[in-house]
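Remember, it's 1-based here, ligands and their atoms both numbered in the order they're listed. If you read the sequence from its start, that first residue is 1, and numbering goes on from there. All values reported here derive from a predicted model rather than from experimental measurement.
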Amino acid sequence: MEVLVINTGSSSIKYQLYRMPAAEVLARGIVEPLGEKARLTHTYDSRTHSAGVKASDHAEAMEVILQTLVSKTVGVIEDIRQIEAVGHRVVHGGEEFTGSVVIDEEVIASLEKYADLAPLHNPPNLTGIAAARAHLPHARQVACFDTAFHTTIPEVAYMYALPYEIYEKYRVRRYGFHGTSHRYVARRAAALMDRDKYDVNVITCHLGNGCSITAVKDGKSVDTSMGLTPLEGVVMGTRTGDFDPAILFYLAEKGYDCPTLKAICNKESGLLGISGESNDMRTLGKLAAGGNRRARLAVDIFCYRIRKYIGMYTAVLGTVDAVVFTGGIGENAVDVRKQICTGLEQIGIEIDEEINNATCQKEGLISTQNSRVKVFVIPTDEEAAIAKDTYQLAAKGTTHD
Ligand code: ADP
């Protein structure tokens, strides 16, 4: 069975076509930016095809993708009917969706409700679902939520200390994101330790442009650093992470309006805001090594905050079997991993410098033999996890986590 995985952003659609259950990737690509200058980048059979395309909206982009997949020259299947299921990455599933689901009218109505909680993400996700339903009416459509893995977080960790009515009225609480990635690497870590997936305590660090840390107890998420929105938690490429909310009132009194504050906190802060140079860890690493003080400070704050979260989540979990690094920074930035782990020996975390330096973009154990807590680098694969859930729901009507 062929399964198409779709990740719809506001100005792009990313896709990956899988042959299941082998999880063989037949093709992958992206159409972006939607509009007059839209381009398709399509990789198949280790070859890449790139071309300008007519894709002014998500529906047209979906048409381009499907035509490409069956094209005589660069296609990988003969008939779009071979695509029996489509898995959609959906950012916000609210409190309702505790796992992936087959999409029906009721699910769509719920997702429309949550658009308010994720205004940048859920509306394009819904448009992507509508486009896929229109073009592939025979296929099962499945939604996989970034929030689902975190629905096991207990009340004591998801409630904010605001008046309780605010939760009752608006459902303001911690939801967490990157759930598909945290679940994938936590399961993988359990497998690497030869342990049952519900028998491990793991701290998973997803460090990409967006960053989040999750405490996984007995295979279930019990706390995570992102909150109602992806702004909370550790420092990110352009987002603040945790800060005193009174700063917002202070700035509002100085004349900053709400849209400006939102833009500052989400797009102009984090690594970019502190360094004044870049949100890219590679650039900052080079600048810091060359003596740029603010680039150094940005990297130092980034690592310091993650160390604090690892300490906090060690307290939350009691016993920690493993710490996992994933995402573009977690998989590649050996100096950042070293800086985060240095000084954590007291809580049983000790990495082997040589192995750490040699572990880039590949899976590996980077802790020393003496380290009480194992430290892994595990490249994340959210698309593969979505393909697996989608296949299981389409073929068997149920998922196995
Ligand atoms: P996204 O969250 O958009 O999926 P990624 O997971 O691809 O992002 O992570 C992007 C981040 O990974 C960027 O900050 C980038 O600088 C960083 N990164 C990628 N490769 C390296 C590398 N070799 N060394 C250091 N950082 C890297």
Side-chain angles (χ1 to χ4, degrees), residues 5-16 28-30 32-33 41 43 89 91 118 120-121 124-125 144 146 176-185 188 204-214 224-226 229-241 266-290 292 295-296 298-303 305-306 324-341 356-364 366 377-386:
V5 173
I6 294 290
N7 186 348
T8 314
S10 55
S11 65
S12 69
I13 300 189
K14 279 192 212 155
Y15 62 95
Q16 240 178 94
R28 60 161 64 96
I30 184 166
E32 72 169 345
T41 309
T43 304
R89 177 181 184 187
V91 168
L120 293 180
H121 296 105
N125 293 162
C144 304
D146 273 19
F177 299 89
H178 292 143
T180 310
S181 175
H182 288 292
R183 177 179 58 144
Y184 176 84
V185 299
R188 192 68 207 129
T204 50
C205 307
H206 178 107
L207 310 178
N209 272 316
C211 300
S212 64
I213 319 281
T214 295
T224 192
S225 59
M226 284 179 167
T229 76
L231 190 59
E232 195 182 348
V234 292
V235 171
M236 313 179 208
T238 60
R239 295 190 196 120
T240 55
N266 282 294
K267 298 194 161 41
E268 297 164 24
S269 296
L271 294 173
L272 174 66
I274 301 163
S275 69
E277 297 279 355
S278 172
N279 62 330
D280 191 306
M281 191 52 93
R282 282 166 292 203
T283 310
L284 294 179
K286 282 186 205 134
L287 287 170
N292 183 306
R296 178 77 266 155
V299 177
D300 286 352
I301 295 175
F302 181 86
C303 296
R305 297 277 186 96
I306 294 168
V324 179
F325 287 105
T326 193
I329 297 174
E331 292 163 30
N332 293 291
V334 297
D335 294 341
V336 171
R337 289 197 305 245
K338 183 181 159 205
Q339 195 173 338
I340 292 169
C341 293
N356 179 46
N357 288 341
T359 309
C360 236
Q361 253 179 4
K362 63 175 182 186
E363 194 170 272
I366 59 167
V377 174
I378 301 179
T380 194
D381 197 342
E382 288 156 293
E383 284 77 15
I386 293 173

J.: Can you pull out the closest protein heavy atom to atom 6 (O) of ligand 1? Residue, atom name and distance to 0.1 Å, please.
T.: Gly328 N, 2.8 Å
J.: Looking at ligand 1, would Thr380 count as a contact under a 4.0 Å heavy-atom criterion?
T.: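 Not so, Thr380 does not reach ligand 1.
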J.: Quick one: look up the protein heavy atom nearest atom 17 (C) of ligand 1 and list residue, atom name and how far away it is.
T.: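 Its nearest protein heavy-atom neighbour is Ile329 CG1, 3.6 Å.
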J.: What protein heavy atom is closest to atom 16 (O) of ligand 1, reported as residue, atom name and distance in Å?
T.: Asp280 OD1, 2.4 Å
J.: Between Thr229 and Phe177, which heavy-atom pair has the shortest distance, and what is it?
T.: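 Smallest heavy-atom distance, with atoms named: C-CE1, 3.4 Å.
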J.: Identify, by atom number and element, the atoms of ligand 1 in contact range of Ala333, meaning under 4.0 Å from any of its heavy atoms.
T.: 25 (C)
J.: Does a sphere of radius 6.0 Å around CZ in Arg28 hold more than 12 heavy atoms from other residues, nucleotides or ligands, not counting ones at 6.0 Å or beyond?
T.: no
J.: Where is the tightest heavy-atom contact between Ile340 and Phe325, given as atom of each residue plus distance?
T.: CD1-CE2, 3.9 Å
J.: So, regarding Gly327 and ligand 1 (criterion: nitrogen or oxygen to nitrogen or oxygen, under 3.5 Å), is there a contact or not?
T.: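 N/O-N/O distance below 3.5 Å does not exist for this pair.
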J.: side-chain contact (heavy atoms from CB on, under 4.5 Å) for Asp146 and His121? Distances and angles first, verdict last.
T.: CA-CA 11 Å; Asp146 273 19; His121 296 105; over 6 Å; no
J.: May I have the step-by-step check of side chain to side chain donor-acceptor pair (under 3.5 Å) for Gln16 and Asn7, ending in yes or no?
T.: CA-CA 9 Å; Gln16 240 178 94; Asn7 186 348; over 6 Å; no
J.: Provide, to 0.1 Å, the distance between atom 14 (O) of ligand 1 and the closest protein heavy atom, together with that atom's residue and name.
T.: Met281 N, 3.4 Å
J.: With heavy-atom distances below 4.0 Å as the criterion, list the atoms of ligand 1 near Gly210.
T.: 2 (O)
J.: Given side chains that start at C-beta, do those of Asp300 and Gln339 come closer than 4.5 Å, heavy atoms only?
T.: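 Asp300 vs Gln339: side chains touch.
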J.: Is atom 4 (O) of ligand 1 in close reach of the protein, with a heavy atom under 4.0 Å away?
T.: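 It does not; no protein heavy atom is within 4.0 Å.
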J.: So, for Val377 and Lys362, which heavy atoms are closest and what is the spacing to 0.1 Å?
T.: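 So the two residues come closest at CG1-O, 3.5 Å.
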J.: Among protein heavy atoms, which sits nearest to atom 20 (N) of ligand 1, and what does the distance come to when rounded to 0.1 Å?
T.: Asn332 ND2, 3.4 Å
J.: Tell me the protein heavy atom at minimum distance from atom 1 (P) of ligand 1, and give that distance in Å.
T.: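 Nearest protein contact, heavy atoms only, for atom 1 (P) of ligand 1 is Asn209 N, 3.7 Å.
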J.: Has ligand 1 got any nitrogen or oxygen that is less than 3.5 angstrom from a nitrogen or oxygen of Gly208?
T.: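 Looking only at distances, the answer is no, because the N/O contact criterion of under 3.5 Å is not met.
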J.: With a 4.5 Å heavy-atom cut-off, do Glu277 and Thr283 have their side chains touching?
T.: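 SC-SC contact between Glu277 and Thr283 ruled out.
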J.: Using a 4.0 Å heavy-atom threshold (strictly under), name the region of Asn279 that reaches ligand 1: side chain, backbone, both or neither.
T.: backbone
J.: Between Lys14 and Glu383, is there a salt bridge with N-O shorter than 4.0 Å?
T.: no
J.: Give me the one residue out of His206, Glu331, His178, Arg188 that meets side-chain hydrogen bond (donor to acceptor under 3.5 Å, both in side chains) with Thr326.
T.: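 Filter result, single survivor: Glu331.
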J.: Return the closest protein heavy atom for atom 24 (N) of ligand 1 as residue, atom name and distance.
T.: Arg282 CG, 3.5 Å
J.: Report yes or no: does a heavy atom of Gly237 sit under 4.0 Å from some atom of ligand 1?
T.: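 Distance cut 4.0 Å: Gly237 fails for ligand 1.
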